[in-house]
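Being a predicted model, the structure only gives us computed values, none of them experimental.
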Amino acid sequence: MRVLILGGDGYLGWPTAMHLSARGHEVAVVDNYFRRQACHALNCEPLIPVPNLHQRRRRWEETWGRKIRVDIGDLCDYNFVSRVFREFSPEGVVHYAEQPSAPYSMMDRQAAVFTLTNNLVSTCNLIHAVREFQPQCHIVKLGTMGVYGTPNIDIEEGYLEVEHKGRRHRFLYPKEPGSLYHLTKAQDGDLLFFYCRMWDLRVTDLNQGPVYGMLTPESRTDEGLTSFFNYDAIFGTVLNRFLVQAAAGAPLTVYGEGGQTRGYLDLRDTLACVELTLLHPAEAGQYRVFNQFVETFSVMDLALRVQEAGQELGLSAEIVKIPNPRREAESHYYNPAHTGLLDLGLTPHYLTRAGLVEMLQLVRRHQERIDTSLLMPTVTWR
Ligand SMILES: NC(=O)c1ccc[n+]([C@@H]2O[C@H](COP(=O)([O-])OP(=O)(O)OC[C@H]3O[C@@H](n4cnc5c(N)ncnc54)[C@H](O)[C@@H]3O)[C@@H](O)[C@H]2O)c1
């Protein structure tokens, strides 16, 4: 299959490119290096230096003997998007290319406008390019479980059957995002759903939970092929922050009570989910939604697990609660459905102590690059 990966320089984009290329798919990646530039500008570099896309593409070709096409450009520029579509004619597109940080989106007006514009215009350009050049192409867009918020009822997979005054209708599941970034992920979903109804597009929205892990079969033996590992308060995820805090001998900082519960998954499962989705495309006119996660943890569960894994390496990490910079429920009901991808054949990886110890060892190999000043939150929601 010819697969175009938008956001191919990113944490998920590059491992996806290698995964699909290793399995014989023809892969092209597009990126404008927004993520790298934002990390430079905010002085929050990833823990492990990441070669640029051209360097990683060369390394991939030399070691695996397979080609990946690279185009550097902005998806908000329709001329650029049109050229890529005309030249590559993708059968599937994986759309990762958005501003993905909740704190970044809440930083100030400029970051808010950038997040809105970037995430919606890139999606809108993609929709128009598919209609103009490849109307049968399947769009796989990365969404987030964060669009649902934490309602006091079970979260279904994308849709909710409602009975009202004796009549029934199937609606998109109500969205209650908790940051501007998450709001844009609800909006890009609405945009895609709209154009499925208008133009018979084929779309799958993967509402994904936070992803953890660095090593995939393609990068395990070659650090030159790894992906971003951010641990700072803007682009880092909570688990990465705890791992770095444990390695640096700093306390694990839990926001508020730590009862915030989310669905998590291993990077290798993201790659498997995306490939399974591409191999089983949505029908024409179908806006299909899968909830993409494997198991749920509260923030406190994660802190305790990292503390325990640290003990195996002789690290004694203290857990401290700090005021929550976000506005979110710190203890709540959470029961989201997630059977769609299991039905397609996903065989999940679970978060084990051995896996956490391996991640801690990786962090400790790069210990000299840890900047502890990046660990505390700098952006507040209020
Ligand atoms: N990583 C996670 O835990 C997670 C969880 C849920 C959802 N997601 C979603 O998955 C997607 C990828 O996440 P990630 O962690 O790999 O983020 P990332 O920032 O590492 O990757 C996104 C890439 O897209 C590029 N990009 C952004 N705007 C662009 C534009 N206008 N033109 C060209 N390239 C552009 C960035 O430079 C970056 O390399 C995002 O849409 C995110 O919302 C990620």
Side-chain angles (χ1 to χ4, degrees), residues 11 44 46-47 101-103 144-146 149-150 178-179 182 208-215 228-267 269 293-336 348-367 370-381:
Y11 167 57
C44 55
L47 183 68
S101 155
T144 157
M145 287 299 292
T150 51
S179 79
H182 289 100
Q208 182 175 240
V211 183
Y212 60 82
M214 285 293 285
L215 302 176
F228 296 114
F229 181 98
N230 277 90
Y231 59 93
D232 58 275
I234 302 288
F235 286 107
T237 56
V238 59
L239 185 61
N240 287 4
R241 187 176 76 245
F242 288 161
L243 291 166
V244 167
Q245 286 171 324
L252 313 190
T253 46
V254 167
Y255 293 175
E257 289 307 310
Q260 304 91 318
T261 302
R262 304 287 184 267
Y264 291 78
L265 75 164
D266 188 301
L267 175 58
D269 289 341
F293 70 92
V294 165
E295 51 192 334
T296 60
F297 299 107
S298 73
V299 170
M300 189 57 85
D301 290 336
L302 290 178
L304 290 165
R305 281 171 174 251
V306 171
Q307 186 181 51
E308 228 176 62
Q311 280 158 3
E312 258 188 48
L313 298 176
L315 303 168
S316 55
E318 184 197 355
I319 298 175
V320 298
K321 292 181 182 173
I322 63 168
N324 193 344
R326 303 181 177 214
R327 297 197 75 163
E328 61 186 359
E330 292 173 10
S331 135
H332 54 86
Y333 180 75
Y334 200 63
N335 188 28
H349 294 85
Y350 295 96
L351 183 65
T352 60
R353 188 184 303 187
L356 285 167
V357 168
E358 190 181 39
M359 285 189 254
L360 271 171
Q361 284 164 332
L362 181 71
V363 170
R364 289 178 89 191
R365 281 207 294 282
H366 298 272
Q367 183 124 9
I370 295 176
D371 177 352
T372 50
S373 73
L374 301 177
L375 293 166
M376 293 304 274
T378 48
V379 178
T380 56
W381 265 224

Identify the two heavy atoms, one from Met145 and one from Pro336, that lie closest to each other, and give their separation to 0.1 Å.
CE-CB, 3.5 Å

Do Leu47 and Ile370 make a side-chain contact, defined as non-hydrogen atoms from C-beta onward lying under 4.5 Å apart?
yes

Quick one: does any side-chain atom of His332 pair with a main-chain N or O of Thr261 as donor and acceptor, under 3.5 Å?
yes

Starting at CZ of Phe228, measure out to CZ of Phe235 and round the result to the nearest 0.5 Å.
9.5 Å

Under the criterion side-chain contact (heavy atoms from CB on, under 4.5 Å), I'd like the reasoning laid out for Val238 against Tyr255: C-alpha separation, chi angles, the key distance, then a yes or no.
CA-CA 10 Å; Val238 59; Tyr255 293 175; over 6 Å; no

Steps toward salt bridge (charged side-chain N to carboxylate O under 4.0 Å, His left out) verdict (Glu330, Lys321)
CA-CA 12 Å; Glu330 292 173 10; Lys321 292 181 182 173; over 6 Å; no

CG of Leu375 to OH of Tyr231, rounded to nearest 0.5 Å, is 6.5 Å

Thr296 side, atom OG1; Asp301 side, atom CG - distance, nearest 0.5 Å:
8.0 Å

Tell me the closest heavy-atom pair linking Ala246 and Leu315, and the distance in Å.
O-CD1, 3.8 Å

Would you please name every residue forming a ring-ring contact (aromatic ring centres under 6.0 Å, His included) with Phe293, sequence neighbours left out?
His338

State the CE-CG distance between Met214 and Leu243, to the nearest 0.5 angstrom.
11.0 Å

Gln307 side chain to Ala317 main-chain N or O, any donor-acceptor pair under 3.5 Å?
yes

Applying side-chain contact (heavy atoms from CB on, under 4.5 Å) to Leu215 and Glu358, what does each step give before you reach the verdict?
CA-CA 10 Å; Leu215 302 176; Glu358 190 181 39; 4.0 Å; yes

Quick one, Thr237 and Tyr212 - any side-chain contact, counting heavy atoms below 4.5 Å?
no

Donor-acceptor contact present, side-chain Asn240 to main-chain Phe229, <3.5 Å:
no

Do Gln361 and Leu313 come within less than 4.5 Å of each other through their side chains, counting heavy atoms only?
yes

For residues Glu312 and Val357, report the shortest heavy-atom separation together with the two atoms involved.
OE1-CG2, 3.7 Å

Look only at the side chain of Arg305 and the backbone of Leu351, and say whether a donor-acceptor pair between them is shorter than 3.5 Å.
yes

Check whether any side-chain heavy atom of Gln260 sits under 4.5 Å from a side-chain heavy atom of Asn324, and report yes or no.
yes

Could you check whether any side-chain heavy atom of Arg365 comes within less than 4.5 Å of a side-chain heavy atom of Leu362, counting everything from C-beta outward?
yes

Indicate yes or no: at least one non-hydrogen side-chain atom of Leu302 is less than 4.5 angstrom from one of Tyr264.
yes

Leu267 and Gly213: which non-hydrogen atoms are nearest, and at how many Å?
CD2-O, 3.7 Å

So, do Ser179 and Glu328 sit near enough that their side-chain heavy atoms are less than 4.5 Å apart?
no

Test Val294 against Asp266 for side-chain contact (heavy atoms from CB on, under 4.5 Å), laying out the working first.
CA-CA 8 Å; Val294 165; Asp266 188 301; over 6 Å; no

Main-chain N/O of Ile234 paired with Asp232 side-chain donor or acceptor, under 3.5 Å:
yes

Side chains of Arg241 and Thr253, donor plus acceptor under 3.5 Å:
yes

What closest approach, in Å, do Ala303 and Val254 show between heavy atoms, and which atom pair accounts for it?
CB-CG2, 3.9 Å

Show the nearest heavy-atom pair for residues Arg262 and Pro210, with the distance to one decimal.
CB-CD, 4.3 Å

Going by the side chain to side chain contact (heavy atoms under 4.5 Å, CB included) test, name the single residue among Val299, Ile319, Leu360 that passes it with Phe242.
Val299

Any side-chain heavy-atom pair of Ile322 and Pro377 under 4.5 Å
yes

Is there a donor-acceptor pair closer than 3.5 Å between any side-chain N or O of Asp269 and the backbone N or O of His349?
yes

When you measure from the side chain of Glu308 to the backbone of Arg353, do you find a donor-acceptor pair of N or O atoms at a distance under 3.5 Å?
no

